[in-house]
Number of protein chains: 2
Amino acid sequence: MKIIEHLKITPLFQGLTAEELDELAMILTDQEFKRGQTIFSEGDAGLGFYVVVSGLVKIYKLSLDGKEQILHIFEAGEPFAEAAVFAGVSFPAHALALKNSRVFFFPRTSFIEVIKNHPTLAMNMMAALSMRLKKFAHMIEALSLKEVPGRLASHILYLYDQQDDSDEVDLKIAKNHVASLLGTIPETLSRILTKMQKQELIRSSGSTIIILDHDGLEDLAAGERRL
Amino acid sequence: MKIIEHLKITPLFQGLTAEELDELAMILTDQEFKRGQTIFSEGDAGLGFYVVVSGLVKIYKLSLDGKEQILHIFEAGEPFAEAAVFAGVSFPAHALALKNSRVFFFPRTSFIEVIKNHPTLAMNMMAALSMRLKKFAHMIEALSLKEVPGRLASHILYLYDQQDDSDEVDLKIAKNHVASLLGTIPETLSRILTKMQKQELIRSSGSTIIILDHDGLEDLAAGERRL
DNA sequence: CGCTGCGTTGAGCTTCTTCAACGATCGTGG
DNA sequence: CCACGATCGTTGAAGAAGCTCAACGCAGCG
C-alpha cells in the first residue's frame, strides 16, 4: 500500500487536499519496529511525532521500582507524541512496539511549516489533542474516584462500545497490560475477574470476555455496586 | 483595565497583531462570577471556552458519593475548557469560581472562524493543549505510581518552582482543595503534613509551607524515601 | 525438552479511607 | 462588638482495599 493511501485513511488527515497529503508524504519517514522494540524513551528530545500505520504501540511511564502505568495503546491510524511537537519539550513517557509495527515519523520543524499554512490540518490536530485530553481526564477520574472493579467494568464497556455488535469483547492486549492500563497489578486484576465471573457478570476465557450482565457492569462502573 | 490590555498579556494570545486582538475582543463576552458560583457543570454543552481575567477557578470531577477530584486550578491569564471547543463535545467536568472572578467567554463558532485564519493563534492553542496533556500525564503518573507523601512532596516542589525565590511556599488554596487535587482526603493530607514536620522536612503554618529539607522532599517525590 | 513470560491463588501487611469527635477560624447578622 | 453557624483542620481508632511476596500451573517457542 502506498504512503498516500495510508495518509488518506488517517483520521488526523481527513479533509486534506491531494496536494496537502503530498506535502506530508514529502516530509515523513517510514519506520519499522519489531515487537518489544523501544520507539523512544522518556526524556528523549521530541523531534517529531508519529502515526501508527500498522501494529500496536504502548505509551507508558515507569516508576523507580519498575512499576508501569500505561497511558495509551495506539492502533493503526492513530497519531502519538504530537504534544511533544507543540509544547517543544522532550517526550514525557516511553513508547514501545507491542507488535511488529510500521509508523510514519513527521519531523517537528517541517511539520510546523506545513500546519501553519493549512488550517484544516490545524483544526484536525486541535481536535485530536482535545480528544486526548478528554481521555486523560477520564483516566484521572477513574484512578482517583473509582476502585479497581469499577475501572475494569468501565474498561470492558469501553471496549464493547468500540467493537460493536456482539457481547464478546476482545481485550486485545495481555491481561498484564490491562492491569497496567487500569493502574493496578496482574494479581488484583485476576482476582477481580474471578469475582466478576462468580457473580455471573462476565465469562472470561483467555483474552476474550463475554458480557453476561450489561446493567451489572454499568452499575459497577458508576460505583453503584460492589463485588 | 481595558479588554484589549487583558488580551495582550494573556499567554495564549502572545504574538498576535493588534488587528487580531481586536477581532477577539469583538467576539468575547465579559463575565463575572462570585466566590462559590458554578461556571458550568459536567455535561453542559460546550458552546465556547474561557480565559480567567482575575480570580481563581477550579475544574473538578465528582463521584456519585460526593468525592471530588480537582483536575485544574486556574489563575489569571489561563484559558480553560478549550478542549470542549475543538472536540465538539459537552464539558467533561465542572467549573466553579473559588474567588470572585472575572472571565472572558469566547463562543465556539466565532472563535473557530478567527483561529482558522490566524496560524499564530492556532499554534499557541496547540501549545496550550499540549501543555495540558503533559500536566495530565504527570497527574496520572502520580496517582498510579506514587503514594500520597510522594505526591504531596512533588506538589510542594512544583509550587516552589512556580513561586521562585524563597523557601516559603504558599499553597494558594485550602488544604481541603490540595487534598482533592492530589487524589486524597483532608484527613490523610493532614496526617502526612504532620509527619513531614516531625521529620524536619518542612514547617507548616496555615497555608504557608517552609521548605527545610529540599533534598529530602526530592527523594520523597521520586519514591526513594518514605515517611 | 526446558525456558520464559503469563496467569492464578493464598497469606500477610501497608496504606489509605471511613467514621467520629473536637478545636480553630472566619464572616455575618443581630 | 459579640455570638453564631459554617467551613476548615486535626487527631484517634477501626476497617477495607489493594499491594507484596511466594508458589505453582500453563502455554508458546526456541
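Convention: sequence-line order gives letters A, B, ...; per-chain numbering from 1.
Results of the side chain to side chain contact (heavy atoms under 4.5 Å, CB included) test with B:Leu152 over B:Thr188, B:Leu189, B:Thr184 single out B:Leu189 as the only residue that passes. Under the side chain to side chain contact (heavy atoms under 4.5 Å, CB included) test applied with B:His155, the options B:Val178, B:Ile209, B:Val169 reduce to a single match, B:Val178.
The separation between A:Gln69 atom CD and D:dG18 atom P is 15 Å, rounded to whole Å. One can place CE of A:Met196 at 13 Å from P of C:dT8, the figure rounded to the nearest angstrom. Counting to the nearest Å, the C1' atom of D:dA17 and the CG atom of A:Leu189 are 15 Å from each other. With rounding to whole Å, B:Lys195 atom NZ is found 7 Å from C:dT15 atom P. If you take CD of A:Gln197 and P of C:dT9, they are 9 Å apart, rounded to a whole angstrom. In this structure, the CG atom of A:Asp65 is 11 Å from the C1' atom of D:dC19, given to the nearest Å. Atom-to-atom, CD of A:Glu68 to P of C:dG5 comes out at 14 Å; the value is rounded to the nearest Å. Rounded to whole angstrom, the span from the CZ atom of B:Arg35 across to the P atom of C:dT28 amounts to 9 Å.
Nearest to the side chain of B:Thr184, among C:dG7, C:dT17, D:dT11, sits C:dT17. Relative to the side chain of A:Ile185, the nucleotides D:dT10, C:dG7, D:dT20 differ in distance, and D:dT20 lies closest. Nearest nucleotide to the side chain of B:Glu147, out of D:dG9, C:dT18, C:dC16: C:dC16. Of the listed nucleotides (C:dC6, C:dC16, D:dA22), D:dA22 has the atom at the smallest distance from the side chain of A:Glu187.
Between B:Arg191 and C:dT17, a side-chain N or O to OP1/OP2 separation shorter than 4.0 Å is absent. Phosphate contact (OP1/OP2 of D:dT10, side-chain N/O of B:Lys175, threshold under 4.0 Å): present. OP1 or OP2 of D:dT11 lies within a sub-4.0 Å distance of a side-chain N or O belonging to B:Thr194.
Taking the six-membered ring where tryptophan is involved, the planes of A:Phe80 and A:Tyr50 are essentially parallel, since the angle between them stays under 30° and well short of 60°.
Within 4.0 Å of A:Gly183, counting heavy atoms only, lie sugar-phosphate atoms of the nucleic acid but no base atom. Within the 4.0 angstrom heavy-atom criterion, only backbone atoms of the sugar-phosphate kind lie near B:Arg226; the bases stay farther away.
With salt bridges taken as basic N to acidic carboxylate O contacts below 4.0 Å, none links A:Glu68 and A:Lys61. Ion pair A:Arg203/A:Glu168 not flagged as a salt bridge, since none of the NZ, NE, NH1 or NH2 atoms sits closer than 4.0 Å to an Asp/Glu carboxylate oxygen.
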